[in-house]
Amino acid sequence: MGDPADAITVRQVLQSLTGLNARSLEAALDAGLLTPVFQPVVRLSTGQVVAVEALARLADPVDGRLRPPAEFITVAEESGLVRRIDQLMLELSAPVVVRCRELLAGDPFSLGVNLSAASLTEDLPDVVADLCARAGLPANALILELTETSLSTPGRGHGAVLQALHDWGCNVTMDDFGTGFSSLSHLARFPVDGLKIDRSFTALIGTTGRGSEVAAALVGLGKALGAHVVAEGIETRTQLQALRAAGCPFGQGYLFARPLTTAALFEQLERGHHLIPLPRPRPA
Ligand code: C2E
Ligand code: MG
Ligand code: MG
């Protein structure tokens, strides 16, 4: 049996490796080091970018390296700072997406942000509506991504908060779908406008006998519920073809684009907003 003291030691070692604890994370947020990067979401039939997902990064004050969430999200969740991160991410990302919408002159373009369960407090619908109004982002251009795991966390009134956000007009999406233990009961209990199929299922395509069938079944489930379905983690053309064949409408992944800085996102959209070549028309 391990001594409980061992657990503390392991945590301290991990924190010293990343150099982050609650106090230094709070100081980093105070110093404005939180920065969003944006991964395009494309319509699989055409490659058109229809949305971006804002992903949190923490700029390293010494070398400017953008630290991924794996290095700070656990500390953020344990300390409660994740609520501040989630709201800051919306505050920082909304004006960027408003600018993208101007560049695209009327084409549909939405912003996805990730929310942890701790952010689902009673005041969240008002906070979100206020941040969007200040940036000029309409409710129907906002996607709120919640992981199944975060919905499994015992919490009071999550359903009511999600219902209020859904009624306000934004898109409530279940992230990493299929990885939680009670996915299907969540679909019945919460208003779900969208499903993001976890990249572990996309990765099965073309590698095991029934990977494509499992991915296709998840796509079918989402569509039967009338949800917007997005496949995460598309890295190969084989995966893209299988997902298209399964009727999956949307996807994101390194095949199209890695997460982009704000400047790179604007550059990309100025060059054009299709990330894969359109299929060649068949000769008549
Ligand atoms: P997520 O919301 O499922 O985001 C997708 C993750 O998959 C991102 O990792 C993205 O960079 C990565 N990814 C995208 N395409 C591919 C691909 O083709 N292959 C592979 N291998 N990976 C791909 P990232 O940015 O490290 O974020 C990890 C997780 O951290 C996110 O998973 C999300 O759960 C959480 N997170 C990120 N930003 C926030 C935030 O602002 N608030 C909260 N609460 N959580 C966040
Ligand atoms: Mg997400
Ligand atoms: Mg995900």
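Both ligands and their constituent atoms are indexed starting at 1 by order of listing.
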Practice task
Answer with yes or no whether R57 contacts ligand 1, where contact means a heavy atom under 4.0 Å from a ligand atom.
Solution key: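 Within the 4.0 Å threshold, so yes.
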
Practice task
Please confirm whether M89 comes under 4.0 Å of ligand 1, counting heavy atoms of the residue only.
Solution key: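 The answer is yes, since M89 has a heavy atom less than 4.0 Å from ligand 1.
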
Practice task
May I ask you to check if any N/O/S atom from E232 comes under 2.8 Å of the Mg ion (ligand 3)?
Solution key: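 A backbone or side-chain N, O or S atom of E232 is under 2.8 Å from the Mg ion (ligand 3).
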
Practice task
Establish whether atom 44 (N) of ligand 1 and some protein heavy atom are separated by less than 4.0 angstrom.
Solution key: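 Yes; the ligand atom in question has protein heavy-atom contact below 4.0 Å.
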
Handout entry: atom 9 (O) of ligand 1: any protein heavy atom closer than 4.0 Å
Key =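 When distances to the protein are checked, atom 9 (O) of ligand 1 has no heavy atom within 4.0 Å.
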
Salt bridge or not between [X] and [Y]? Use side-chain N to carboxylate O under 4.0 Å.
X	Y	result
D176	K196	no
R23	E26	no
R65	E71	yes

[X] side chain near [Y] side chain, heavy-atom distance below 4.5 Å:
X	Y	answer
P125	V161	yes
L255	T236	no
F266	V96	yes
L162	L144	no
L243	I197	no
L221	F177	yes

Atom indices of ligand 1, in the order listed, that fall short of 4.0 Å to a heavy atom of [X]:
X	result
G253	15 (N), 18 (O)
D175	1 (P), 2 (O), 3 (O)
E235	17 (C), 18 (O), 19 (N), 20 (C), 21 (N)
P259	11 (O)
S116	44 (N)
G233	16 (C), 17 (C), 18 (O)

At under 4.0 Å between heavy atoms, is it the side chain or the backbone of [X] that contacts ligand 1, or both, or neither?
X	answer
I73	side chain
Q39	side chain
E232	side chain

Taking 2.8 Å as the cut-off, does [X] contribute an N, O or S atom near the Mg ion (ligand 2), distance below it?
X	value
T147	no
D176	no
E53	yes

Exercise for the section: Using the side-chain contact (heavy atoms from CB on, under 4.5 Å) rule, pick out the option among L137, L90, D123 that qualifies with V128. Expected result: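 With V128 as partner, L137, L90, D123 yield a single side-chain contact (heavy atoms from CB on, under 4.5 Å), made by L90.
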
Problem - Positive for side-chain contact (heavy atoms from CB on, under 4.5 Å) with V172, one of L142, I143, V192, L146 - result: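 Single side-chain contact (heavy atoms from CB on, under 4.5 Å) partner of V172 among L142, I143, V192, L146: L146.
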
Practice task
Compare A257, A56, G112, P69 and give the one whose heavy atom is closest to atom 38 (N) of ligand 1.
Solution key: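 Looking at heavy atoms only, A56 sits closest to atom 38 (N) of ligand 1.
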
Handout entry: Closest to atom 39 (C) of ligand 1 (judged by heavy-atom distance), picking from I234, N114, V113, L88
Key =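 Comparing heavy atoms across I234, N114, V113, L88, the nearest one to atom 39 (C) of ligand 1 lies in N114.
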
Practice task
Of all N, O or S atoms in D175, identify the one at the shortest distance from the Mg ion (ligand 3).
Solution key: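 Nearest N/O/S atom: OD1.
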
Problem - Pair Q241-R244, side-chain donor/acceptor within less than 3.5 Å - result: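 There is no such pair (donor and acceptor under 3.5 Å, judged by atom type) between the side chains of Q241 and R244.
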
Practice task
Ignoring hydrogens and angles, state whether a donor on the side chain of E53 or Q252 is under 3.5 Å from an acceptor on the partner side chain.
Solution key: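 Distance-only check passes for E53 and Q252.
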
Problem - Vertex the Mg ion (ligand 2), arms to N114 OD1 and E145 OE1, rounded to 10° - result: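 Value, to the nearest 10 degrees: 100°.
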
Would you say [X] has any N or O atom under 3.5 Å from an N or O of ligand 1, going by distance alone?
X	value
T147	no
E53	yes
D176	yes

